[in-house]
Enquirer: 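Take a look at the following structure, please.
Letters A, B, ... are given to chains in the order of the sequence lines, protein chains preceding strands, and every chain is numbered from 1. All values derive from a computational prediction rather than experimental measurement.
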Amino acid sequence: MAGSISRVRSSSDIPMSVPMKRNLPSEWVLTGLVVAVVVILSILPMLRLVQEIIAPGGRLSVAAVEAGLSNPATWTATWHSLVVGFGGTILAVIFGTAVAILVSLTDVRGRSAFVLCFVTPLMIAPQVTALAWLQLFGPASPLLKLLGIAPPLGTRNPLYSAQGIILLLGVQYGPLVFLMVRAGLRKLPRELVEAGLAGGASRWTVLRTVVLPLMTPSIIGASALVFVSCVGNFGIPAFLGIPANYLVLPTLIYQRLAGGGPAVLAEVAFLSVLIGVIAMAGIVAQDIISRRRDYRIATTSLPVEPFELGRYRMLVEALMWLIICTILVLPLLGLFLTSLVPGYGIPLSFKTATLSNYSFVLFEHAAAKNAFFNSTILSVAAAIFAVLIAVPLGYFIAWRSSWWSKVLNLTVELPYALPGVVLAIAALLMFLKPIPLINLQIYNTVWIILYAYLARFMVLALRPTVSGFHQIDRSLEEAAQVAGAGFIMRLRTIIFPMVAPVAVAGGLLIFMTALSELTVSALLWSSGSETIGVVIFSFEQGGDSSYAAAISMMTVTLTFLLMIASNFLARHLPNGVLPWRD
Amino acid sequence: MAGLAIDRVSKRFGTYDALSDVSINVADGEFLAVLGPSGCGKTTLLRMVAGFEKVTDGRIIIGGQTMSSPDHNLPPEKRRVGIVFQNYALWPHMTVAENVGYSLKVAKVSRAERDRRIAEALSLVNLTGFGDRRPANLSGGQRQRVALARCLVSAPSLVLFDEPLANLDVHLRAAMEDEFADFHKRTGTTIVYITHDQAEAMALADRIAVMDKGRLAQLAPPRELYREPANEMVASFISQGIILPADVLTPAEAGHCRIRVLGHEVVVRCRPDERPRADAKLCCRSPELETVGSNEDGIRVAIKRVVYQGGRARVELSPVERPDLNLHLEQADPVTLEAGVEARVRIRTGWLIPEARNAA
């Protein structure tokens with residue numbers, strides 16, 4: 001025994017003491033790189049935007065602000081934005097909270113299937129949702145025609161209205177409220193409910209006086225998030241509002257820019273800052289409201305025992321699946337049927353159904369073919385890059401808690417917290433002229449879209465990665481450190497493999513979001529750099545709903561397949577990383 | 001092989017003094033336990049020796065080389081120190097063999113050499129044949145042994161143990177204690193062993209450093225710690241010593257002196273330099289107390305609580321004259337004392353705690 005020990009020792013002395021070759025500590029190089037990326041992606045565009053408003057061309061001036069404020073179109077669009085913003089938020093909050101309480105606090109069956117279906121609208125691009133609902137209710141609706149109840153051709157689609165926009169925003173973002181309230185309900189300790197019941201209160205009273213008040217932070221947080229999303233949404237008001245000439249700020253910006261080109265940049269910069277201010281006001285209001293009372297839950301304990309619905313259970317379950325039918329199955333069915341229609345208004349039957357729309361967009365239409373290629377490359381590139389940055393960045397944020405890591409975290413959140421239009425305009429301003437020093441022109445190329453995607457979606461990979469880091473014991477890294485591994489070595493062999501599943505799941509979210517993204521690319525695309533979202537939009541605007549539906553069907557199918565495939569990753573992930581997993 | 005010198009080390013977090021002026025010399029091949037209640041700074045000390053924390057003041061020297069000083073901190077990966085973590089810290093995405101061989105891979109040791117040394121290390125901890133398993137498929141004791149193998153494969157000059165038994169159940173602790181003792185005997189490595197468990201420290205260590213509120217309270221072999229505590233904290237912390245006020249009556253002679261405690265005169269052990277003084281403190285161990293008959297000379301006490309512990313009982317009592325003092329003793333079966341009654345107790349002997357001196 002003793003002999004073998006001494007052999008172990010003597011043989012190790014030589015290789016272990018080989019000095020490492022390094023000039024600058026690799027850790028500092030990497031830190032600098034990560035900080036530089038964050039600055040370029042988050043801080044620079046925001047600074048550039050602010051500069052355009054208060055000091056265009058380098059000189060202080062309020063001309064842009066004055067011009068914007070004196071234009072009546074600004075005020076109309078602002079009013080419309082507020083109407084659909086509040087309307088959509090109220091609808092989404094009522095809808096999402098009610099469903100969350102039903103799913104979390106009662107003994108309904110088939111929960112995971114329901115959650116998967118209910119959350120799906122969130123993963124479908126807003127313009128696809130809009131298209132699907134339009135196809136469901138319009139005079140050309142194949143479904144209504146099949147049923148023989150379609151309004152005559154030429155009748156106005158009832159969704160072309162403020163009410164239509166509010167309805168769809170509610171459907172689109174209801175799941176977001178659902179997810180946040182459900183997360184809150186899961187943390188609700190059962191004792192609090194049981195103490196209420198033991199005190200003689202009925203289930204309803206407990207729900208009203210204990211559960212809902214304690215859910216206030218979740219509900220308010222969700223409201224703020226949904227409000228920002230509604231105000232910044234482009235796809236739904238573009239499809240539903242532009243035909244009715246009901247313009248909100250994002251669509252107003254789009255129309256100005258489409259009509260006036262770079263000449264109107266100063267004007268749209270003002271409009272985009274206006275959206276940013278409205279969105280920020282929502283977030284600040286949330287902060288103020290949630291500080292007014294103490295809702296902190298002190299203990300952690302088992303979740304609340306589900307409430308037995310008894311003979312109402314079947315009824316409630318039927319109602320839940322009716323909801324799924326209404327918000328998911330019917331619209332997608334409408335979309336699918338439209339994608340089979342050979343031309344506008346032609347009734348669909350087994351004889352007239354055709355796949356030619358699919359073959360046209362896949363093989364014949366040049367811009368569509370381009371778009372498939374561009375969007376795929378863009379989303380893959382954005383996902384990969386975001387994952388590669390998220391791991392070291394998450395490391396600094398989660399494990400090196402210093403003031404600047406918190407600033408870094410907030411900075412990355414900013415472009416995502418603000419509406420996409422704001423970032424798109426900032427990117428335009430930054431890259432309208434060639435990049436100084438290297439004289440590189442990325443305006444009017446696909447690269448400017450990639451830049452905007454990276455800036456906007458980085459946080460989708462960062463958030464799960466940070467929560468992944470929080471679940472890993474820091475001593476795992478320290479063990480590698482005492483084993484002699486330098487920072488890069490630890491990053492490669494220990495840190496990356498351990499957070500990879502979470503980071504990859506984040507990358508997957510980015511891929512799915514970016515694949516049919518419209519808001520940013522609608523403002524940044526040029527001939528040759530079309531994206532799937534842009535092509536769907538142009539087809540619909542040109543009246544070719546069938547082509548738009550065919551492309552949309554393909555992206556929806558791909559999204560659904562990815563959601564199901566991602567379940568294989570689920571085993572390695574903390575709760576809540578994949579929103580559709582219950 | 002290397003000794004460790006902790007030289008007047010201090011650590012400040014903001015305004016909080018985690019460690020103040022700690023000096024410990026660990027001889028080459030020595031087994032030192034660092035013992036103390038939670039929050040006493042023992043983990044901070046270990047993290048500074050490993051290099052995870054910088055020192056605010058003082059120096060840490062390993063094998064004659066200065067590792068830490070206020071203006072220089074050699075990073076942990078260059079210190080060649082081994083650590084066995086409380087929670088094992090095995091990498092879940094690697095097999096047992098990959099875990100054990102990691103440091104060799106980092107040092108670019110050739111494949112064949114690496115495999116040979118992994119096999120050796122695994123056989124030393126009786127885990128031959130476990131190389132292809134994943135840490136998740138091992139029991140707690142096996143995981144701890146993998147952690148030990150991972151630590152010894154690179155033959156570090158100094159091994160730090162961070163409460164390695166805290167997560168194991170009682171019967172496994174005893175087995176692992178044996179294993180650690182064996183490991184120390186075979187390798188002769190210098191070991192610093194952090195623990196809050198006195199029995200563990202006493203069983204394993206050559207010397208024990210008792211820490212209290214960031215200061216070194218006493219550094220001594222286990223027996224000395226028990227018999228001759230340097231101050232009140234150590235006296236009461238180690239084996240729940242009983243502290244009693246006393247007056248020293250005679251100067252030390254052959255290591256003993258006469259004192260008055262609770263109105264009775266007793267001859268106790270003491271330092272050779274003791275002089276007569278008032279307000280001294282006596283440290284008494286429960287075996288040094290005995291009950292005497294009601295008509296014999298003894299301290300009148302009231303029995304407060306009797307806890308039967310199988311074969312014997314722990315008896316808690318207070319002197320009738322001084323109900324604020326708490327004493328305890330053990331009575332073997334048949335247990336005759338019961339709560340609420342009065343009895344007489346005699347102090348056979350004890351240790352006179354030396355006078356507190358500044359800069360001791």
Enquirer: I need the minimum non-hydrogen distance between B/Asn87 and A/Ser475, along with the two atoms involved.
Expert: OD1-OG, 3.2 Å
Enquirer: Go through it in stages, so that I can follow the logic: the residues are B/Phe52 and A/Arg474, the test is side chain to side chain contact (heavy atoms under 4.5 Å, CB included), and I'd like the CA-CA distance, side-chain angles, deciding distance and then a yes or no.
Expert: CA-CA 11 Å; B/Phe52 294 121; A/Arg474 184 82 200 268; over 6 Å; no
Enquirer: Can you tell me how far apart NZ (B/Lys78) and CD (A/Gln481) are? Round to the nearest 0.5 Å.
Expert: 11.5 Å
Enquirer: Step through the shown structure and confirm whether more than 12 heavy atoms of other residues, nucleotides or ligands are within 6.0 Å of CG on B/Asp169.
Expert: yes
Enquirer: Only pairs of heavy atoms separated by less than 4.5 Å count here; which of B/Arg150, B/Lys105, B/Arg79, B/Arg47 has the most with chain A?
Expert: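 Counting heavy-atom pairs under 4.5 Å, the top option is B/Arg47.
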Enquirer: Is any side-chain heavy atom of B/Glu77 closer than 4.5 Å to a side-chain heavy atom of A/Arg490?
Expert: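 Result yes, sub-4.5 Å side-chain heavy-atom pair found.
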Enquirer: Answer yes or no: is there a side-chain heavy-atom contact under 4.5 Å between A/Val482 and B/Arg80?
Expert: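 A side-chain contact under 4.5 Å is absent here.
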Enquirer: For A/Leu476 versus B/Pro92, what's the shortest heavy-atom pair and its separation?
Expert: CD1-CD, 4.2 Å
Enquirer: Mark yes when over 12 heavy atoms from residues, nucleotides or ligands other than B/Arg59 sit less than 6.0 Å from its CZ; otherwise mark no.
Expert: no
Enquirer: Answer whether the closest heavy-atom distance between the side chains of A/Thr493 and B/Trp91 falls below 4.5 Å.
Expert: no
Enquirer: Can you see which heavy atom on A/Ile494 is nearest to which on B/His93, and at what distance?
Expert: O-CE1, 3.8 Å
Enquirer: Under 4.5 Å from any heavy atom of chain A, what part of B/Leu90 do you find: side chain, backbone, both or neither?
Expert: backbone
Enquirer: Between A/Asp473 and B/Phe85, is any pair of side-chain heavy atoms under 4.5 Å apart?
Expert: no
Enquirer: Taking the side chain as every heavy atom from C-beta outward, state whether A/Glu478 and B/Pro76 have any atom pair closer than 4.5 Å.
Expert: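 No; the side chains remain at least 4.5 Å from each other.
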